[in-house]
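Before any comments, here is the structure.
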Amino acid sequence: MVSPAIALAFIPFIITLIIRYRHYFLLFYRAVLVRKYHDYTSGIPREERAFQYVITHAIPGDPQHVLNTFDQYCYHCEHLGNIGPHKGKILDRLIYENAPLNVLELGTYCGYATIIIAQALPIGARLYTIDFNPGKAAVAEKVIRLAGFDDDTVELLVGPSDELIPQLKDKHGVQKLDFVFMDHGKRCYLKDLQLLEELGLLQEGTIILADNVLFPGAPHFLQYVKSSGKYQCKMHRGSLEYFRHIRDAMAELTYTKLK
């Protein structure tokens, strides 16, 4: 048994810990505990609940209104791992400025970033978006079509990224990629980037934008891109989507090949 005196001595430490990491506790509450409660009471996944909200409140065929409706749901109902409006502006700007014709998105999730990319693409461009989870991909498919984008603009591929990336050349006729957006499993960032290199899908000037490189973080990925000599790297520092007090960043890479 721990004596009362020892237990009382730990109280200031525990209070300090709670105050210091209160935003992370709030994230855990909203992203995990609230989700589990609603999963149990509703019997449907969080992403499907979000889609039901979006289809009820969003204007079909209006991509920006669909995004705004997602944001309202995330701020007031449940947390979703979308890129969010602030980092979404960076993605939107990069697409507009570079006008890529062949774009790859790794991690479709609910289709939020997919819509940002699709609405900024130049005429004739094509977006290939990959997600390994069939349930989330099914939600994303409905969201993308609700926003007004068809198969000619956005093609959704379902399966593991390391299996689908090699099929881009043979099955889909993609010789080179102009832009890659990474927002899938952070442990997959490095191996998928190296796979893109090995398959020759990157060309000089290809831009890779990787989200959440600080939180949850992708340290091995960052170490590689900074030490390989193949990339120019720029960090866009900000906060985690829908949690402005949790620091995060996006890494913008420009492929230069070996110097």
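Quick caveat: nothing in here was measured; it's all calculated off a predicted structure. Just so you know, residue 1 is the first one in the sequence shown, and it goes up from there.
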Modelled atom types, side-chain donor and acceptor of [X] and [Y], under 3.5 Å:
X	Y	result
Glu105	Tyr128	no
Ser42	Arg49	yes
Asn68	Gln72	no

Pairing of [X] and [Y] as salt bridge, 4.0 angstrom limit:
X	Y	answer
Asp151	Arg145	yes
Asp248	Lys87	yes
Glu198	Lys191	no
Arg30	Glu78	no
Lys230	Glu197	yes

Is it the case that atom [atom1] in [X] sees more than 12 heavy atoms from other parts of the structure closer than 6.0 Å?
X	atom1	value
Arg187	CZ	no
Leu33	CG	yes
Tyr75	OH	yes
Lys169	NZ	yes
Phe132	CZ	no
His220	NE2	no

Any [X] side-chain heavy atom under 4.5 Å of [Y] side chain:
X	Y	result
Asn212	Met182	no
Thr129	Glu155	no
Met235	Val213	yes
Glu48	Lys142	yes
Lys186	Phe221	no
Thr206	Asp178	no
Ile165	Leu106	yes
Leu253	Ile207	no

> Is the Tyr53 to His57 ring centre distance short of 6.0 Å?
Replying inline: yes
>> Counting the benzene-type ring for Trp, do Tyr109 and His184 have ring centres under 6.0 Å apart?
In response: no
I'd like to know if the side chain of [X] and the backbone of [Y] have a donor-acceptor N/O pair within less than 3.5 Å.
X	Y	answer
Arg46	Ala31	yes
Asn98	Pro100	no
Thr56	Gln52	yes
Asp92	Gly88	no
Asn82	Gly84	no
Thr108	Ile130	yes

Taking [Y] as the starting point, is it possible to reach [X] by hopping between hydrophobic residues whose side chains are less than 4.5 Å apart?
X	Y	value
Val174	Leu156	no
Phe70	Ile59	no
Leu190	Leu199	yes
Ile90	Ile115	yes
Ile55	Ile144	yes

> Aromatic rings Tyr231 and Tyr255: how do their planes relate, parallel, tilted or perpendicular, breaks at 30° and 60°?
Replying inline: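 The arrangement is tilted - the two ring planes meet at 30° to 60°.
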> Picking from Asp71, Val143, Leu80, what satisfies side-chain contact (heavy atoms from CB on, under 4.5 Å) with Tyr112?
Replying inline: Asp71
> Distance from Arg35 atom CZ to Tyr37 atom OH, nearest 0.5 Å?
Replying inline: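 Arg35 CZ to Tyr37 OH: 15.0 Å, rounded to 0.5 Å.
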> Taking atom OG1 of Thr114 and atom CD1 of Ile83, what is their separation to the nearest 0.5 Å?
Replying inline: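 If I round to the nearest 0.5 Å, the distance is 10.5 Å.
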>> Determine whether Leu157 and Gln167 satisfy the following criterion, side-chain contact (heavy atoms from CB on, under 4.5 Å), listing intermediate values before the conclusion.
In response: CA-CA 10 Å; Leu157 309 174; Gln167 297 178 14; over 6 Å; no
